[in-house]
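Data block below; observations after.
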Amino acid sequence: GSKTGTAPSTSESASIGIEWGVGGTPNYLDGVTGSKSLGNGLLHSEEFPTGRHIRYYPVASAPAAIAAGTYTVGAGGTYPTLTRAFADLNQRGISGPVVLNITNATYNVGSGEIFPIVLGNVSGTSSTNTITINGNGATYSYFGSPSSGTFISSTEAATTTTVFSTTTEPIIGLVGTDYATIQNLTLSHTTSAIYTAARVDRGIAVFNALATDGATNNTIRDITIALDRTNTSSIGIQQNVVIAPTSAAGANSNNKYYNLNISNAYSGMYMLGNTSFPDLGGEIGTIAGGTTTIGGATANDIGNGTSQTWGIRAAAWGGKIFNTTIRNVTGTSSSTVDGIFIDNSGGTTTSIGTYEIYNNIVRDLNNTSTSAGVVSGIRVNNTGNAATVTSVNNNQIFSLTSSSTTNTSRRVIGLRIQDAGSGSPSTHNIDFNAVSISHSNLLTSSSALEIGTTSGPVINVRNYILSNTTGAQTGSAKHY
């Protein structure tokens, strides 16, 4: 509900839960998430709704799993809020496929939501027992937590691990969740009446819950995300293993991201796996005639600050990036700017399998600093394993620029291959790409294609169009 009067301290935070016995999993129940393993310690006075009561009472046996069916979320529905629906799923699990239909047009703190709204490892999910959240075009708006609290995953008695903090807080989170689909939603940053500096950090976060419990086989599709790029922690979508996996079961594998529109964030998407047990089988692209665009229509929409920025960045993640437009990504310092960045170390030896990066458009990347870092359209680094193979084909890269005055090394590069470690004996297949660099007065050196190693992986470059028609300029910059 609404809050008036003097703003509370920005260091306030709280959680609501109950423990029994020795505590810890599974002897704990969080009052907001309904989970025995997840706890929301990011609560503060503006967020917790007026009139919300949490009651605990003993029962003779565990509550029955939610039966297969379609349930409504909104005023007069099965659940008044998605917070309540997720809490019921987290606590009870499911016994068949469950669909949540969102019925209201807007949801926020004032409508009773408690953020972040987090779905955990719901018992009973499988390839047939799925969870589908149909947004039906609804908008979820949140301003972010100003407190110093954390959202935790309890791994055993008296042991907890931070999942979200006030620099990684999402609007919606999947933590150890399997076989869930979230579709047709808008997620947006909004302002707070009290906490003027608070800014939410993620639209969607997909994290593992335990070292042996990753978030897997989820689909995020038809989602619009608009945050606040002045928050340099903001990322449209992040997938992350916050707890180091001890087996492949702890990785976040087989998650799909389709038909996305991400704008006004400091960076677009970040897929961050673990080098020992990487996230595999991922996809970022389109489905059913949709489009995926990272970056709004106006210049400098993504980034536009001094920290490193990118459209899509992936490390220890294997899969496909396709049919995606990345545009209007800007840096203002010596940090790098990347359209698509496959950020593996050539010194690691784990196989990532086959990357496929195809049919993408990368355009309008810029760094406005005279000491700018490198602006790269597509930058790809393989691990040093023969089974790691990158296929980069049928991409278009154009309108890259920089205000750098450095001419001893290239500061604008269309395709940048293996600049981090040798990557031997992996393979890069770079086929059918078109790169155009064309400026009237680019003071820094540039190249349409650059290979950063002479003794690393096998690199096949075939059937390409590379054009660098940069005009005459003062100084001694060179253009390749």
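Sequential numbering from 1 along the given sequence is applied to the chain's residues.
- Note: Trp317 and Tyr355 have tilted aromatic rings, judged against thresholds of 30 and 60 degrees for the angle between ring planes.
- Side-chain contact between Pro116 and Asn40: present, with at least one pair of heavy atoms (C-beta onward) separated by less than 4.5 Å.
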Audit row: Glu283, Tyr258, side chain to side chain donor-acceptor pair (under 3.5 Å) steps and yes/no: CA-CA 8 Å; Glu283 293 188 10; Tyr258 302 130; 2.6 Å; yes

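- Between the CG atom in Asn382 and the NE2 atom in His428 there is a gap of 3.5 Å [rounded to 0.5 Å].
- Annotation: Tyr464, atom OH; neighbour count of heavy atoms from other residues, nucleotides and ligands within 6.0 Å does not exceed 12.
- Judged by the 6.0 Å distance and 45° axis criteria, Arg363 is not positioned over the aromatic ring of Phe398.
- By the 4.5 Å heavy-atom criterion applied to side chains, Ile204 and Ile220 are counted as neighbours.
- Distance CD1/Ile171 to CD1/Ile117: 8.5 Å, rounded to 0.5 Å.
- Using a 4.0 Å cut-off between charged side-chain N and carboxylate O, Arg379 and Asp338 make a salt bridge.
- Listed for the Thr181 side chain is no donor-acceptor partner under 3.5 Å among the backbone atoms of Thr132.
- Two rings, from Tyr79 and Phe86, have their centers 6.0 Å or more apart.
- With sequence neighbours left out, the salt bridge (charged side-chain N to carboxylate O under 4.0 Å, His left out) criterion links Asp343 to Arg313.
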Residue pair Asn395, Asn433: steps toward the side chain to side chain donor-acceptor pair (under 3.5 Å) verdict: CA-CA 5 Å; Asn395 300 286; Asn433 297 285; 3.0 Å; yes

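- Ring pair Tyr358/Phe322 is parallel by interplanar angle, where below 30° counts as parallel and above 60° as perpendicular.
- Taking the side chain as every heavy atom from C-beta outward, Asn208 and Ile243 approach each other to under 4.5 Å.
- When side chains are defined from C-beta on, Ile340 counts as touching Asn360, because their heavy atoms get closer than 4.5 Å.
- Classification of Arg202 and Glu169 as a salt-bridged pair fails, no side-chain N sitting under 4.0 Å from a carboxylate O.
- Proximity of Ser447 to His479: side-chain heavy atoms (C-beta onward) are nowhere separated by under 4.5 Å.
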